[in-house]
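The figures that follow rest on heavy atoms only: side chains count, while hydrogens, waters and symmetry mates do not.
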Amino acid sequence: MIQVENLSKVFRGGEEVTALRHINLKVEPGDIYGIIGKSGAGKSTLLRCISLLETPTEGRILVEGADISRLRGRELIEMRKKVGVIFQGYNLLMQRTVRDNVAFPLELARMPKARRWARVEELLEVVGLSDKARAYPSQLSGGQKQRVAIARALANHPSILLCDEPTSALDSFTTRSILELLTDINRKMGVTVIIITHEISVVKAICNKVAVINEGSFIEQGNTREVFAHPASEITRLLLGETGGSIQ
């Protein structure tokens with residue numbers, strides 16, 4: 001599904017900053033893959049590279065066998081549809097209703113109106129917001145906003161869903177409901193999920209695989225239960241113990 005090979009990302013400006021160093025990652029179809037680390041470790045930069053929002057300095061990202069850095073024109077547009085992104089902070093359009101927010105990527109794809117609104121209704125039912133279709137983001141709770149963001153990310157029938165800290169601003173009860181929703185989407189819709197997080201509880205709850213990132217490099221990765229049962233690095237041990245569940 002996704003294969004990252006020797007990926008590095010260097011930001012050049014007044015001072016050169018290496019955000020990612022020789023990252024290798026393989027995500028299989030159907031995985032819920034967690035990437036965990038402290039703030040500034042490189043998690044979000046990796047997600048932005050996979051989602052085509054950043055261009056890697058070195059290495060390759062293969063999505064369904066295609067090197068995304070080589071795609072242009074129509075091929076690139078079609079590949080973008082396969083990758084849905086849930087951004088940290090929701091990124092909703094505040095002047096649009098819930099249904100219009102979900103419809104936005106379908107408008108950009110020039111989907112006919114009848115099909116567009118049918119898809120919106122379907123997605124609002126999936127995320128449990130059919131009764132909020134004509135509400136505005138300012139009228140929603142944090143959990144409801146995240147559900148709108150999830151519905152919007154699913155609009156173009158993606159095969160991959162990238163989630164950037166999807167529960168960081170939510171209380172524990174709402175976090176559980178969002179993780180249950182993501183699990184249902186993974187199982188019922190066959191969508192592969194990658195979750196960027198600093199919360200160990202999120203990874204434990206739904207991720208079958210995990211990679212621990214620190215200072216731009218993976219320090220260990222594999223089956224979640226095995227990695228957490230036998231942590232090989234001090235960072236992972238800190239995540240599991242002294243930090244009480246998350247690291248900032």
May I ask you to test the [X]-[Y] pair for a side-chain heavy-atom distance under 4.5 Å?
X    : Y    : value
L239 : V203 : no
D31  : I2   : no
S8   : T18  : no
F87  : L53  : yes
I35  : L25  : yes
L124 : S130 : yes
K26  : Q3   : yes
D184 : V126 : no

Provide the closest heavy-atom pair for [X] versus [Y] in the form atom of the first, atom of the second, distance.
X    : Y    : answer
S51  : L162 : CB-CD1, 3.5 Å
A155 : P105 : CB-CG, 3.7 Å
Q88  : S168 : NE2-OG, 3.7 Å
I178 : T167 : CG2-CG2, 4.2 Å
L47  : I196 : CD1-CG1, 3.4 Å
M94  : Y136 : O-CD2, 3.8 Å

Quiz item: Within the distance-only criterion (no hydrogens, no angle test), does the side chain of E220 pair as donor or acceptor with the backbone N or O of P231 below 3.5 angstrom?
Solution: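 Side chain of E220 to backbone of P231: no pair is present.
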
Quiz item: Just how far is it from atom CZ of R74 to atom CG of L76, taken to the nearest 0.5 Å?
Solution: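 Reported value, rounded in 0.5 Å steps: 10.5 Å.
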
Quiz item: Under the side chain to side chain contact (heavy atoms under 4.5 Å, CB included) test, which residues partner S217, sequence neighbours left out?
Solution: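 For S217, the residues satisfying side chain to side chain contact (heavy atoms under 4.5 Å, CB included) (neighbours in sequence not counted) are R21.
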
Self-check item: Qualifying side chain to side chain donor-acceptor pair (under 3.5 Å) pairs, either residue in residues 108-120, two or more places apart
Solution: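 For residues 108-120, and leaving out neighbouring residues, the side chain to side chain donor-acceptor pair (under 3.5 Å) pairs sorted by first residue read R119-E122, R119-H157.
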
Exercise. State whether a side-chain donor-acceptor pair under 3.5 Å links S159 with E64.
Key: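 Yes, E64 and S159 have a side-chain donor paired with an acceptor closer than 3.5 Å.
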
Practice problem: Run through I213, V202, V212 and flag the one making a side chain to side chain contact (heavy atoms under 4.5 Å, CB included) with I36. | Solution: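 Only one of I213, V202, V212 forms a side chain to side chain contact (heavy atoms under 4.5 Å, CB included) with I36, namely V212.
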
Quiz item: Do the charged groups of R237 and E234 touch, with an N to O distance under 4.0 Å?
Solution: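 Salt bridge: no.
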
Exercise. Please name all residues satisfying side-chain hydrogen bond (donor to acceptor under 3.5 Å, both in side chains) with T174, sequence neighbours left out, ordered by chain then number.
Key: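 Result, side-chain hydrogen bond (donor to acceptor under 3.5 Å, both in side chains) vs T174: D171.
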
